[in-house]
Amino acid sequence: MKTLLKITKVVSLTVGALFLAFVVYANWEEPSLADRLNLKPIQLVVFNLSKPLSTTDSTSLASSLESTTGVTASTVNPKNQTVSVTYHADEVNEEILKEKVEKFPVMATKLEFSQMEGPKCPIPMGYIDFVLDAKKALCFR
């Protein structure tokens with residue numbers, strides 16, 4: 001019975017020390033401006049265009065996208081035939097943005113970042129999001 005009590009005490013102290021260390025870690029750095037202002041997260045979508053746009057079409061497309069509700073920024077690169085759009089996912093979705101792009105005489109295909117070559121993070125994004133959300137919740141600043 002005494003060994004069970006000792007094991008319980010050691011495990012409790014270890015878990016308490018780890019929790020206290022995580023609280024210190026969460027408060028170590030000053031929160032980012034986005035966290036302090038509680039800004040909504042943004043999404044990024046990049047479309048490859050089937051053919052280059054003229055300068056006037058590029059300008060028209062950029063202003064058309066930026067006037068869309070929920071779009072925070074857009075960039076049209078006629079040389080590389082791409083359109084990049086940052087937006088709030090709760091206000092607009094990729095299909096609406098693709099329709100806006102395709103109103104111009106081009107076909108747009110979404111660039112899939114997951115299919116790109118190069119080093120990949122071995123940790124699933126869900127785990128990273130969990131740690132960042134826990135850090136945000138335990139920050140008392």
Side-chain angles (χ1 to χ4, degrees), residues 2-141:
K2 287 186 176 184
T3 56
L4 183 62
L5 191 60
K6 283 183 180 181
I7 291 172
T8 305
K9 190 175 183 180
V10 168
V11 168
S12 298
L13 286 172
T14 304
V15 169
L18 289 173
F19 180 75
L20 184 62
F22 192 75
V23 169
V24 170
Y25 165 70
N27 289 282
W28 195 265
E29 298 174 335
E30 186 174 332
S32 68
L33 182 61
D35 288 339
R36 282 187 274 148
L37 296 178
N38 201 22
L39 298 176
K40 292 192 306 187
I42 59 170
Q43 302 290 322
L44 169 69
V45 64
V46 178
F47 296 110
N48 288 323
L49 304 177
S50 59
K51 63 180 183 175
L53 292 174
S54 67
T55 307
T56 56
D57 283 346
S58 298
T59 306
S60 300
L61 177 57
S63 62
S64 171
L65 288 169
E66 288 180 5
S67 66
T68 305
T69 304
V71 172
T72 58
S74 68
T75 303
V76 179
N77 188 335
K79 181 180 176 186
N80 292 334
Q81 300 176 15
T82 58
V83 177
S84 305
V85 183
T86 56
Y87 63 97
H88 295 290
D90 60 342
E91 296 178 23
V92 69
N93 58 30
E94 291 176 4
E95 289 79 29
I96 294 172
L97 297 172
K98 185 176 179 180
E99 289 172 8
K100 286 246 184 202
V101 172
E102 288 182 342
K103 284 184 181 176
F104 292 83
V106 293
M107 293 296 297
T109 55
K110 180 183 169 190
L111 177 67
E112 294 292 338
F113 293 112
S114 61
Q115 304 298 326
M116 297 182 87
E117 294 294 321
K120 303 231 186 312
C121 182
I123 301 171
M125 196 61 198
Y127 295 168
I128 295 171
D129 288 338
F130 174 76
V131 170
L132 292 177
D133 290 343
K135 182 180 172 185
K136 187 175 176 181
L138 293 173
C139 184
F140 303 119
R141 288 184 179 198

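In this text, all values refer to a predicted model and were calculated from it rather than measured experimentally. Values below: all heavy atoms of this structure, side chains included; hydrogens, waters and symmetry mates excluded.
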message: Thr82: which residues meet the side-chain contact (heavy atoms from CB on, under 4.5 Å) condition with it, sequence neighbours left out?
response: Val46, Asn48, Asn77, Asn80
Stepwise side-chain contact (heavy atoms from CB on, under 4.5 Å) test for Glu30 and Arg36: CA-CA 9 Å; Glu30 186 174 332; Arg36 282 187 274 148; 3.5 Å; yes
- request: Return each pair, listed once, that meets salt bridge (Lys or Arg N to Asp or Glu O under 4.0 Å) where at least one residue sits in residues 9-29; pairs must be two or more places apart or across chains.
  value: Glu29-Lys135
query: Got a second to check how far Thr14's OG1 is from Phe19's CZ, nearest 0.5 Å?
result: 15.0 Å
Contact summary for Leu61 and Val83, nearest pair of heavy atoms: CD2-CG2, 3.7 Å
task: Just jot down the salt bridge (Lys or Arg N to Asp or Glu O under 4.0 Å) partners of Lys136, sequence neighbours excluded, or say none.
output: Asp35
Those residues that, when tested against Asp90, pass salt bridge (Lys or Arg N to Asp or Glu O under 4.0 Å) (two or more places apart): Lys40
- line: In terms of heavy-atom contacts, Cys121 and Ile128 come closest through SG-CD1, 4.2 Å
message: Tell me which pairs pass ring pair (Phe, Tyr, Trp, His ring centres under 6.0 Å) where either residue lies in residues 34-89, with sequence neighbours left out.
response: none
statement: Output for pair (Thr75 OG1, Leu65 CG), nearest 0.5 Å, gives 10.0 Å
query: Do Val23 and Phe140 pass the side-chain contact (heavy atoms from CB on, under 4.5 Å) test, and can you show the C-alpha distance, the side-chain angles, and the key distance before you say yes or no?
result: CA-CA 9 Å; Val23 169; Phe140 303 119; 3.7 Å; yes
statement: Residue set satisfying side-chain contact (heavy atoms from CB on, under 4.5 Å) with Ile7, at least two apart, ordered chain then number -> Val11
query: With distance as the sole test, does Asn93 use its side chain to make a donor-acceptor pair with the main-chain N or O of Ala89 at under 3.5 Å?
result: no
- request: Quick one: closest heavy-atom pair of Pro31 and Cys139, and the distance?
  value: CG-SG, 3.7 Å
statement: Taken in chain and number order and not counting sequence neighbours, the residues that satisfy ring-ring contact (aromatic ring centres under 6.0 Å, His included) with Tyr25 are Phe22
message: Which residues pass the side-chain contact (heavy atoms from CB on, under 4.5 Å) test with Glu102, not counting sequence neighbours?
response: Lys98, Met107, Ala108
message: Less than 4.5 Å apart, side chain to side chain, heavy atoms only: is that true for Leu97 and Val45?
response: yes
- prompt: If every non-hydrogen atom of Ser63 is compared with every non-hydrogen atom of Ser60, which pair is closest and at what distance?
  reply: OG-O, 3.0 Å
field: Pair listing, salt bridge (Lys or Arg N to Asp or Glu O under 4.0 Å) test, anchored in residues 66-79, at least two apart
entry: none
- prompt: Are a donor atom and an acceptor atom from the side chains of Thr72 and Thr86 found within less than 3.5 Å of each other?
  reply: yes
field: Residue list, salt bridge (Lys or Arg N to Asp or Glu O under 4.0 Å) with Glu95, at least two apart or on another chain
entry: none
task: Go through the steps to decide whether Thr69 and Val92 satisfy the test side-chain contact (heavy atoms from CB on, under 4.5 Å), and finish with yes or no.
output: CA-CA 7 Å; Thr69 304; Val92 69; over 6 Å; no
task: Indicate yes or no for a side-chain donor-acceptor contact from Ser54 to the backbone of Asp57 under 3.5 Å, with no hydrogens or angles considered.
output: yes
query: Listed by chain and number, what are the salt bridge (Lys or Arg N to Asp or Glu O under 4.0 Å) partners of Lys100, not counting sequence neighbours?
result: none
message: Could you work out, with side-chain contact (heavy atoms from CB on, under 4.5 Å) as the rule, every residue matching Ser12, not counting sequence neighbours?
response: Thr8
query: Should Val71 and Val85 count as side-chain neighbours, where that means a heavy-atom distance under 4.5 Å?
result: yes
